[in-house]
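Written out below as structure tokens is the structure these notes cover.
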Amino acid sequence: MSTAAAQARHLTLARLERAAGEAFGCRDDAPRVADRASFMTPTTIALATFATAVAATITYLV
């Protein structure tokens, strides 16, 4: 495949990807919001760690 053909294919795939994103409501020029998912908060991670430690202790004792 020549360089021109590879570049044309790349541009076509990028165009199709952008069109598919817009079809599902994800516009390219939409502002990005840096917000955390609820499962990534420090409190949730601490609770998950504690629950894992409790489960491991119970499993060890049983």
Side-chain angles (χ1 to χ4, degrees):
M1 183 181 291
S2 68
T3 304
Q7 186 175 16
R9 182 177 178 178
H10 175 74
L11 291 174
T12 302
L13 290 174
R15 203 174 317 120
L16 288 173
E17 183 179 299
R18 194 174 309 116
E22 289 177 3
F24 286 105
C26 301
R27 292 190 352 232
D28 235 6
D29 57 349
R32 305 274 188 234
V33 178
D35 112 278
R36 286 184 172 179
S38 62
F39 60 88
M40 291 301 292
T41 61
T43 305
T44 306
I45 293 172
L47 287 173
T49 303
F50 178 74
T52 303
V54 169
T57 303
I58 292 171
T59 302
Y60 177 75
L61 294 175
V62 173

What donor-acceptor contacts under 3.5 angstrom involve side-chain atoms of residues 51-61, with partners at least two apart or in another chain?
unit_1: Thr52; atom_1: OG1; unit_2: Ala48; atom_2: O; d: 2.8
unit_1: Thr57; atom_1: OG1; unit_2: Ala53; atom_2: O; d: 2.8
unit_1: Thr59; atom_1: OG1; unit_2: Ala55; atom_2: O; d: 2.7

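Apart from Leu47 itself, the hydrophobic cluster it occupies contains nothing, where clustering links Ile, Leu, Val, Met, Phe, Trp and Tyr at side-chain heavy-atom distances under 4.5 Å.
For Leu11, the side chain to side chain contact (heavy atoms under 4.5 Å, CB included) partners two or more places apart in sequence, or in a different chain, are Gln7, Arg15.
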